[in-house]
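In what follows, a single structure is set out as structure tokens and then discussed.
Chain letters run A, B, ... following the sequence lines, proteins first, then strands; residues in each count from 1.
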Amino acid sequence: MKEKYPFSEIEPKWQQFWEEEALFRTNLEAPENPYYCLMMFPYPSGTLHVGHGRNYIIGDAVARYKMMRGHTVLSPMGWDAFGLPAENAAIKLGVHPRQSTFENIETAKRQLQAWGCCYDWSLEVTSCLPDYYKWTQWIFLQFYKRGLAYKSEAPVNWCPSCNTVLANEQVVDGACERCDTVVEKRRLSQWFFKITDYAQRLLDDLDALEGWPERVKMMQRNWIGRSDGARIDFRLAPRADGRPDPIEAVPCFTTRVDTIYGCTYMVLAPEFPHLDRLVDGLPEASAVRDFVATASRISAIDRTSDAIEKNGVFTGRQVVNPYTGETVPLWVADYVLMEYGTGAVMAVPAHDTRDWAFARKYDLPIRLSIQNPDQTLVLPEMADAYTEDGLLTDSGPFTGLPSQEAIPRMATYAAEQGFGEPTVHFRLRDWLISRQRYWGAPIPIVYCDQCGIVPIPEEQLPVVLPDDVAFMPGGESPLARHESFMNVPCPTCGAPARRESDTMDTFVDSSWYFLRYLSASDETQAFDTALCDRWLPVDQYIGGIEHAILHLLYARFFTKALHDMGLIHFSEPFAQLFTQGMICKRSEKDGQLYKMSKSKGNVVSPDELIREYGADTSRVYTLFIGPPERDAEWNDRGVEGAFRFLRRLWRWVYEKQSILNGARELRPDLASMETPERDLYRKIHESIRRITQDLDGAFHFNTAIAQIMELMNAVEDVPLDASSSDSRRAVHREAIESIVVLLSPFAPHLCEELWQELGHAPSILRAPWPEVNEAALHRAQIEMVIQVNGKNRGRIEVSAGADAQSLEAEAVRNPQVQKWIEGKTVRKVIVVPGRLVNIAVSG
RNA sequence: GCCCGGGUGGCGAAAUGGCAGACGCAACGGACUUAAAAUCCGUUUUCCGCAAGGAAGUGCGGGUUCGAGUCCCGCCCCGGGCACCA
């Protein structure tokens with residue numbers, strides 16, 4: 001054994017050992033107690049930094065722990081390998097995305113291995129390879145067959161910098177989530193997945209996901225955005241000139257039908273489909289057209305900003321409130337969004353702040369239809385709308401009802417009368433999956449003049465992405481210029497046809513990869529139903545919070561859709577979800593704290609770190625840095641501390657090796673222990689209990705490691721040399737073996753080495769997790785605190801079994817305590833067994 | 001505006017309603033050394049005190065309790081999600 005902790009020698013050695021012994025090869029067919037531990041697969045973007053590492057280190061520690069607890073663990077890894085950055089690099093640098101992607105994969109794989117993270121690499125999946133995307137295309141076709149994939153023209157989000165359309169989920173504050181460029185609205189014909197069919201189930205099933213962070217579930221609930229209300233149709237009053245209208249009535253969605261007797265006008269979104277025909281020929285027509293033109297020039301962010309003042313114009317038309325039969329003016333205004341509801345809003349200025357402001361600005365009438373509980377609302381005294389629930393007033397037959405009773409009753413009434421119905425509205429929109437880019441899975445569709453949209457027959461898959469394309473920036477997929485790719489005979493009639501030139505959003509690839517791992521090299525099917533049923537849902541999924549909505553929502557949708565097709569028999573993909581916090585680091589430029597990223601120039605490279613301190617130090621520090629679900633600041637001095645600890649452990653074993661190995665046959669015997677070894681023995685078992693708890697319930701790696709450090713401190717406090725008693729040597733032997741086993745999920749290389757040096761055959765992964773010896777935890781004498789009125793005033797040594805009465809007596813007798821109760825009346829004495837005695841006094 | 005988190009030493013943090021600050025970092029003092037690094041020993045919440053000891057203390061203000069970082073009510077600040085959403 002070397003004196004100096006030789007991390008750079010032992011780490012590659014054990015990495016090779018794990019690989020050769022195939023310790024992470026999973027028997028998929030016949031697992032014992034299967035445990036699927038999954039980390040979100042990475043997009044291979046150059047090199048990894050220690051911020052990325054947190055995800056894999058946590059996952060590897062969990063996988064190793066579960067293995068030691070007797071599970072057959074499945075811990076696979078793969079690559080979310082399609083994506084924009086590779087293609088943008090191709091445009092800029094002329095490197096083919098295939099080449100840069102595979103180079104990056106190689107680098108990332110080497111880095112993961114250098115961290116000691118072990119996966120079953122025989123199950124590796126790579127989403128940009130035809131044997132993977134063939135099945136992505138196959139799933140698309142299954143969706144198409146069932147009407148879950150459809151093509152439609154709609155106003156969509158266009159990122160002028162990425163030169164492609166984006167899903168709603170990829171637009172953050174009106175800008176592209178990837179590059180921050182303000183998105184534009186364009187009307188284009190695009191492919192969508194019908195995720196809205198699943199809105200209610202995606203919402204309902206969140207309640208059953210007990211292993212998910214509340215925060216993530218909340219974000220998904222917000223995103224799905226269910227609101228309960230009613231559709232109410234306002235009939236158009238006929239035009240004075242007798243010309244016909246394209247529609248009879250204007251439907252509007254409201255959650256507050258109880259306020260409808262206060263409706264004094266109606267407002268349309270500028271994009272309302274029939275607006276132009278509704279006003280054609282009226283004196284107001286040109287003003288309306290000017291207004292619509294102006295509104296369309298305002299950017300989406302300005303349109304939806306609170307700060308901007310609401311504008312509108314009168315259309316010259318009237319609609320009829322079906323409850324009152326009253327005629328109210330129809331306006332068009334920029335505060336109504338076409339994307340939400342029906343693009344028309346019934347305006348109740350007395351009870352809606354936006355309507356209030358608008359009515360004030362344009363001098364429209366305001367009418368009270370809800371009273372507050374005290375019945376004190378008087379219009380002239382109101383400074384703003386009253387938006388709370390209340391009692392209906394001046395509301396015909398509904399007058400006097402509370403809002404919550406009136407809402408369902410009035411909606412039902414609308415249905416009975418045929419002018420509306422109760423409706424549920426979701427904020428969630430269908431998922432736009434077309435991308436005008438090259439580096440993605442081609443959408444398996446051709447367009448034929450005779451047959452229209454024709455799906456590629458399954459047996460002709462995959463639609464292979466051609467290699468030889470010209471990478472040029474533009475608003476069209478490079479595939480569109482590839483003549484031999486584009487021109488194909490129609491699969492149905494054989495006539496010349498054109499392929500779809502768009503590729504799929506890369507979130508489609510990642511929506512089912514957790515199923516593919518089980519059938520990674522299966523050429524006959526996307527995934528195996530029986531294997532999936534055995535292994536899924538994933539027991540533990542680990543990844544970043546940034547996917548709270550995007551990937552995690554899409555994957556849930558896919559799972560439900562595939563479930564409904566009978567291809568799998570579970571409807572949620574991930575039983576437990578853990579979202580780790582980001583690793584941040586202070587920028588050297590401005591001293592601010594930023595998420596570690598290449599663009600901020602504050603990355604710490606694992607390569608250098610491992611060269612200097614070793615992988616185990618990097619792992620232990622990453623896990624010790626703080627609670628793993630919280631963001632953390634990387635601190636180079638902290639790395640030093642983790643290193644010192646590992647070196648101290650190494651040195652202890654190095655110095656005491658012959659003594660420790662000489663005690664191999666000895667077993668600790670409680671009866672013969674002196675106080676120091678008795679205390680150490682207790683500490684061992686307290687540590688086992690604590691660390692096991694920390695790893696079982698939540699992911700408290702930081703406190704688990706702190707506990708191991710405490711145990712190590714205790715070991716060093718009990719002297720050990722060749723002349724030490726059998727009893728002491730036996731306890732020390734057990735202490736150090738416990739430390740090595742307990743630490744092994746975190747610092748696997750060091751622990752494998754020490755385990756061997758302590759005379760065991762590798763691998764430590766096959767060592768059983770230590771059991772708590774309850775007898776070791778027992779104490780004969782305990783120290784108890786005595787409080788007077790809740791303040792600490794003394795402490796006493798008592799026997800552990802002492803009854804409350806004698807404890808009370810001894811506490812009161814205690815001289816330090818006497819001082820505080822002398823001359824006072826003892827009102828009450830509380831004895832908390834094993835902890836404290838609190839004497840409440842007065843006077 | 002609505003909905004989630006969070007606020008504890010110089011710093012990262014710990015604490016089933018029961019000794020606040022475990023563990024680590026940094027700092028300071030000491031040992032070893034020609035010296036430095038490394039290592040080891042000790043101190044380290046604040047205030048008063050030579051000390052013994054005492055007082056205060058977990059964002060702020062109340063409350064429940066023998067006892068509150070922890071539970072309840074009302075605020076403040078920071079982070080995140082949704083939002084002209086009808």
Complementary nucleotide for [N] - Watson-Crick or wobble, under 3.5 Å:
{"N": "B:G5", "answer": "B:C78"}
{"N": "B:G57", "answer": "none"}
{"N": "B:U70", "answer": "none"}
{"N": "B:A27", "answer": "B:U43"}

Of the residues in residues 684-691 of chain A, which ones touch RNA chain B at a heavy-atom distance under 4.0 Å?
->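 Within this stretch, A:Arg690 sit under 4.0 Å of the strand.
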
Just jot down the side chain to side chain contact (heavy atoms under 4.5 Å, CB included) partners of A:Val740, sequence neighbours excluded, or say none.
->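 Residues passing side chain to side chain contact (heavy atoms under 4.5 Å, CB included) with A:Val740: A:Cys751, A:Leu754, A:Trp755, A:Leu758, A:Ile764.
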
Taking only residues two or more places apart in sequence or in another chain, which ones pass side chain to side chain contact (heavy atoms under 4.5 Å, CB included) with A:Asn838?
->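 Expected list: A:Gln787, A:Ile830, A:Leu836.
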
Can you sort out the partners of [X] under side-chain hydrogen bond (donor to acceptor under 3.5 Å, both in side chains), two or more places apart, ordered by chain and number?
{"X": "A:Asp355", "answer": "A:Tyr335"}
{"X": "A:Glu633", "answer": "A:Arg586"}
{"X": "A:Thr264", "answer": "none"}
{"X": "A:Arg835", "answer": "none"}

Output all residues satisfying ring pair (Phe, Tyr, Trp, His ring centres under 6.0 Å) with A:Phe507, sequence neighbours left out; order by chain, then residue number.
->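 Only A:Tyr554 meet the ring pair (Phe, Tyr, Trp, His ring centres under 6.0 Å) criterion with A:Phe507.
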
Determine whether any donor atom in the side chain of A:Arg795 lies under 3.5 Å from an acceptor atom in the base of B:C19, or the reverse, and answer yes or no.
->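 Answer is yes: a donor-acceptor pair is held.
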
Go through the side-chain N and O atoms of A:Arg630 and A:Gln580 and say whether any donor and acceptor fall under 3.5 Å apart.
->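 Note: A:Arg630 and A:Gln580 side chains miss the donor-acceptor criterion.
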
Do A:Thr353 and A:Tyr386 have a side chain donor and acceptor closer than 3.5 Å?
->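 Note: A:Thr353 and A:Tyr386 side chains miss the donor-acceptor criterion.
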
Nearest to the side chain of A:Asn713, which nucleotide is it out of B:A86, B:G24, B:U39?
->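 Closest nucleotide among those given: B:G24.
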
Residue A:Met709, side-chain heavy atoms: nucleotide from B:C19, B:U39, B:C23 that is nearest |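 Of the candidates, B:C23 comes closest.
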
Distance check needed: [N] [atom2] versus [X] [atom1], whole Å only.
{"X": "A:Arg835", "N": "B:A20", "atom1": "CZ", "atom2": "C1'", "result": "14 Å"}
{"X": "A:Met219", "N": "B:C4", "atom1": "CE", "atom2": "P", "result": "13 Å"}
{"X": "A:Arg648", "N": "B:A38", "atom1": "CZ", "atom2": "P", "result": "15 Å"}
{"X": "A:Lys595", "N": "B:G80", "atom1": "NZ", "atom2": "P", "result": "13 Å"}
{"X": "A:Glu3", "N": "B:A38", "atom1": "CD", "atom2": "P", "result": "17 Å"}

Hey, does A:Arg427 reach any base, or is it just sugar-phosphate, or nothing, if we go heavy atoms under 4.0 Å?
->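 Base contact.
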
Select base, sugar-phosphate, or nothing to describe what A:Asn702 touches, counting heavy atoms under 4.0 Å on all strands.
->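 Contact class for A:Asn702: sugar-phosphate only.
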
For the side chain of A:Thr342 and the backbone of A:Pro251, is there at least one donor-acceptor N/O pair under 3.5 Å apart?
->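 Yes, because the side chain of A:Thr342 sits within donor-acceptor range (under 3.5 Å) of the backbone of A:Pro251.
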
Could you walk me through whether A:Glu169 and A:Trp223 pass the side-chain contact (heavy atoms from CB on, under 4.5 Å) test, one step at a time?
-> CA-CA 9 Å; A:Glu169 288 78 13; A:Trp223 187 260; 2.9 Å; yes

Determine the sole option in A:Phe643, A:Trp634, A:Tyr613 for which the ring pair (Phe, Tyr, Trp, His ring centres under 6.0 Å) test with A:Tyr621 is passed.
->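 Considering A:Phe643, A:Trp634, A:Tyr613, a ring pair (Phe, Tyr, Trp, His ring centres under 6.0 Å) with A:Tyr621 is found only for A:Trp634.
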
Can A:Arg651 and A:Glu655 be counted as an ion pair, charged N to O under 4.0 angstrom?
->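 Looking at A:Arg651 and A:Glu655, the cut-off is met.
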
Protein heavy-atom contacts under 4.0 Å, written 5' to 3' over nucleotides 5-12 of chain B as B (base), S (sugar-phosphate only) or - (none), form the string -------B

Using a cutoff of under 3.5 Å, can you pull out all pairs of nitrogen or oxygen atoms linking the protein to nucleotides 54-58 of chain B, with atom names and distances?
from: B:A55; atom 1: OP1; to: A:Arg793; atom 2: NH2; distance (Å): 3.3
from: B:A55; atom 1: OP2; to: A:Arg793; atom 2: NH1; distance (Å): 3.1

5'-most contact on RNA chain B: A:Gly790 or A:Arg637, nearest heavy atom basis?
->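 Whichever sits nearer the 5' end wins; that is A:Arg637.
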
Could you list the donor-acceptor pairs under 3.5 angstrom formed by side chains in residues 700-712 of chain A, with sequence neighbours left out?
from: A:Thr703; atom 1: OG1; to: A:Asp694; atom 2: OD2; distance (Å): 2.8
from: A:Thr703; atom 1: OG1; to: A:His700; atom 2: O; distance (Å): 3.1
from: A:Gln707; atom 1: NE2; to: A:Ser687; atom 2: OG; distance (Å): 3.1
from: A:Glu710; atom 1: OE1; to: A:Lys683; atom 2: NZ; distance (Å): 2.8

For nucleotides 69-71 of chain B, print each protein N/O atom paired with a nucleotide N/O atom at under 3.5 Å, atom names and distance only.
none

